Number of protein chains: 2
Amino acid sequence: MADPTGHNGGESLLFLTDEQLRKGIEAMFFAYRGFTADPDRILSEKSYGRAHHRAVHFIHRAPGTTVNNLLAILGVTKQSLNRVLRSLIEDGLVESRVGKKDKRERHLYLTETGEALERELSAAQRTRMRAAYRAAGPDAVQGFRQVLEAMMDSDMRKHYLAMKDKTV
Amino acid sequence: MADPTGHNGGESLLFLTDEQLRKGIEAMFFAYRGFTADPDRILSEKSYGRAHHRAVHFIHRAPGTTVNNLLAILGVTKQSLNRVLRSLIEDGLVESRVGKKDKRERHLYLTETGEALERELSAAQRTRMRAAYRAAGPDAVQGFRQVLEAMMDSDMRKHYLAMKDKTV
DNA sequence: TTGGAATGTCAACAACACTGACATAAAGTG
DNA sequence: CACTTTATGTCAGTGTTGTTGACATTCCAA
């Protein structure tokens, strides 16, 4: 029994055994592997990695974002991000424009080539996500998103919500 | 519109826009960061990494598992796993016993020290998972698990289901 | 006895993260 | 204007985790 005291934290409907929680942990582990498998295959052919994918994804989502903003979203050091951005810029997938108001800032945009890669990666990942959603059913989708959102650190949740459902 | 053909794959209740799917992708990204944050902090103090955590976790879940079985679950090369196991064995967290039937096989067990680390890591992760479950509510939990399970590669799903809810 | 499976080890390498230090340019502040 | 801070970039070094390839040992099984 997970909670020998018999208390359940005030949520009277939830009895969470350690075993159930561990299964959730393992589900996250195995699912994340599947989640990254398709993009990883595409990226390895182009000698890119997950770090490139993340940069391309968020530049696509927030065109014109600054380096600092991207740094906050990705949660890595500037040296780490810079290595990735340099190769993407050299290869003509990302364009870096000096800011108009503040000339210290660099605003990042995907080129047409960059957008093409983003579509390819995103299409693979969306296909899997769509299949998972359909297999699980409509009610499951909302629960999935709710639990994931609650699992985030609050800083990350801000970034997540900030770009939430722009087109809806 | 996500699907200009108007088809929806036979699940008449699901209209999945690209935007909704992308939000799901981002939710996975941000949530996984939160999911690993607590163990990562504990591990870095002990100069271990996620690879050690994974090994410890699955040895705890399946005591006596062979190296080959662990290899299949973790999906890494034996050289990579061996490096991790060697340090865990040297540090007295894992015990490797020669198989009785097949003496080529090594059966892996956590020592009391190993179990203690597992409890510490697992407790941190379960606390976050429990909080997320409670914040999202009981209905959400089932949906969460269903979507994650559907997102796995079939090989991984086998491993996942094989150790499913042993105590339930 | 020979073949193959399971395991372990060595070497080399790459991706991706980190720290620390330093440089440059531009903006803000006194 | 002098000074500080901010944003960015770069160089060097290090660590973890993953990869390939090669090779040795042990041992089951045909």
Side-chain angles (χ1 to χ4, degrees), chain A residues 29 32-33 36-37 39-59 64-91 94-109, chain B residues 29 32-33 36-37 39-59 64-91 94-108 121:
Chain A
F29 170 71
Y32 199 77
R33 288 262 299 281
T36 56
D40 282 353
R41 270 189 289 275
I42 296 167
L43 289 159
S44 68
E45 291 169 9
K46 307 186 193 312
S47 62
Y48 287 133
R50 275 186 208 174
H52 300 85
H53 184 187
R54 292 196 281 263
V56 165
H57 175 95
F58 286 109
I59 294 172
T65 183
T66 63
V67 173
N68 247 12
N69 184 44
L70 202 51
L71 236 35
I73 290 172
L74 296 176
V76 296
T77 59
K78 62 175 181 173
Q79 294 92 329
S80 212
L81 175 58
N82 192 257
R83 192 197 315 121
V84 168
L85 283 181
R86 207 187 314 164
S87 69
L88 290 173
I89 292 168
E90 278 173 6
D91 297 352
V94 167
E95 193 186 346
S96 171
R97 299 184 204 154
V98 173
K100 287 180 183 173
K101 279 187 172 180
D102 189 333
K103 292 178 184 173
R104 291 171 305 180
E105 295 182 339
R106 303 301 144 93
H107 298 272
L108 303 170
Y109 299 87
Chain B
F29 170 71
Y32 199 78
R33 288 261 300 280
T36 56
D40 282 354
R41 270 190 289 275
I42 296 168
L43 290 159
S44 68
E45 291 169 8
K46 306 185 191 319
S47 61
Y48 287 133
R50 276 186 208 174
H52 299 86
H53 183 187
R54 293 196 280 265
V56 165
H57 175 94
F58 286 109
I59 294 171
T65 184
T66 61
V67 173
N68 245 16
N69 185 43
L70 203 52
L71 236 35
I73 290 172
L74 297 176
V76 295
T77 59
K78 62 177 179 173
Q79 293 90 331
S80 208
L81 176 58
N82 193 256
R83 194 196 307 123
V84 169
L85 284 179
R86 206 187 316 162
S87 69
L88 290 172
I89 291 168
E90 278 172 7
D91 297 350
V94 168
E95 192 186 347
S96 170
R97 299 185 202 155
V98 174
K100 286 179 182 174
K101 280 185 173 182
D102 187 335
K103 292 178 184 172
R104 291 169 304 181
E105 294 181 341
R106 303 299 144 95
H107 298 271
L108 303 169
L121 294 169

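What you are looking at is a predicted structure, and each value in this text was computed from that prediction instead of being measured. Lettering follows sequence order; numbering is per chain, from 1.
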A.B. asks: By nearest heavy atom, map A:R106 and A:S80 onto DNA chain C; which one lands nearer the 5' end?
C.D. replies: A:S80

A.B. asks: From NE2 of B:H107 over to P of C:dT7, roughly how many Å is that when rounded to an integer?
C.D. replies: 8 Å

A.B. asks: Show your working on side chain to side chain donor-acceptor pair (under 3.5 Å) between B:R50 and B:T36 and close with a plain yes or no.
C.D. replies: CA-CA 8 Å; B:R50 276 186 208 174; B:T36 56; 3.1 Å; yes

A.B. asks: Where each residue is assigned the nucleotide of DNA chain C containing its nearest heavy atom, which of A:K101 and A:G49 is assigned the position nearer the 5′ end?
C.D. replies: A:G49

A.B. asks: Let's see if you can work this out: which of C:dC22, C:dC18, C:dG8 has an atom nearest to the side-chain heavy atoms of B:K78?
C.D. replies: C:dG8

A.B. asks: Looking at D:dG18, I'd like to know if its phosphate oxygens (OP1 or OP2) sit under 4.0 Å from a side-chain N or O belonging to A:R50.
C.D. replies: no

A.B. asks: Take the protein atom OH of A:Y48 and the nucleotide atom P of D:dG18, then report the distance between them rounded to whole Å.
C.D. replies: 24 Å

A.B. asks: Would you kindly check whether a donor in the side chain of A:Q79 faces an acceptor in the base of D:dG13, or vice versa, at under 3.5 angstrom?
C.D. replies: no

A.B. asks: Starting from P on C:dA25, measure out to NZ on A:K100 and report it in whole angstrom.
C.D. replies: 23 Å

A.B. asks: Give a yes or no answer on whether the side chain of B:R97 reaches the backbone of B:G64 with a donor-acceptor pair at less than 3.5 Å.
C.D. replies: no

A.B. asks: Determine whether B:Y48 and B:D91 make a side-chain contact, defined as any pair of heavy atoms from C-beta on separated by less than 4.5 Å.
C.D. replies: yes

A.B. asks: Quick one: is D:dT10 close enough that its OP1 or OP2 comes under 4.0 Å of any side-chain N or O from A:R86?
C.D. replies: yes

A.B. asks: Mind calculating the distance between CG (A:L70) and P (D:dG9) to the nearest angstrom?
C.D. replies: 11 Å

A.B. asks: Counting only side-chain heavy atoms from C-beta out, which of D:dT6, C:dT7, C:dC16 sits nearest to A:R104?
C.D. replies: D:dT6

A.B. asks: Tell me if a side-chain donor or acceptor on A:R104 pairs with a main-chain N or O of A:V98 at a distance below 3.5 Å.
C.D. replies: no

A.B. asks: Rounding to an integer number of Å, can you tell me how far B:L81 CG sits from D:dT20 C1'?
C.D. replies: 17 Å

A.B. asks: Give me the atom names and distance for the closest heavy-atom approach of B:K100 to B:K103.
C.D. replies: O-CG, 4.3 Å

A.B. asks: Could you state the CD1-P distance from A:I89 to D:dG9, rounded to the nearest angstrom?
C.D. replies: 7 Å

A.B. asks: Does B:H52 make a side-chain N or O approach to OP1 or OP2 of D:dT17 shorter than 4.0 Å?
C.D. replies: yes

A.B. asks: Can you tell me which nucleotide in C:dA26, C:dA11, C:dA21 comes closest to the side chain of A:K103?
C.D. replies: C:dA26

A.B. asks: Check whether any side-chain N or O of A:T77 sits under 4.0 Å from OP1 or OP2 of C:dA17, and answer yes or no.
C.D. replies: no

A.B. asks: Want to settle it: does A:S96 or A:R83 sit nearer the 5' end of DNA chain D, counting the closest nucleotide to each?
C.D. replies: A:S96

A.B. asks: Nearest to the side chain of B:N68 - C:dT9, D:dT19, C:dT7?
C.D. replies: C:dT7

A.B. asks: Using a 3.5 Å distance criterion without hydrogens, assess whether the side chain of A:S80 forms a donor-acceptor pair with backbone atoms of A:T77.
C.D. replies: no

A.B. asks: I want to check one thing: is the phosphate of D:dT8, taken as OP1 and OP2, less than 4.0 Å away from some side-chain N or O of A:N82?
C.D. replies: no

A.B. asks: What is the separation between atom NZ on A:K46 and atom P on C:dA15, rounded to the nearest whole Å?
C.D. replies: 16 Å

A.B. asks: What nucleotide among D:dG18, D:dT20, D:dG9 has an atom nearest to a side-chain atom of A:V67?
C.D. replies: D:dG9

A.B. asks: Rounded to whole Å, please give me the gap between CG in A:D40 and P in D:dG18.
C.D. replies: 12 Å

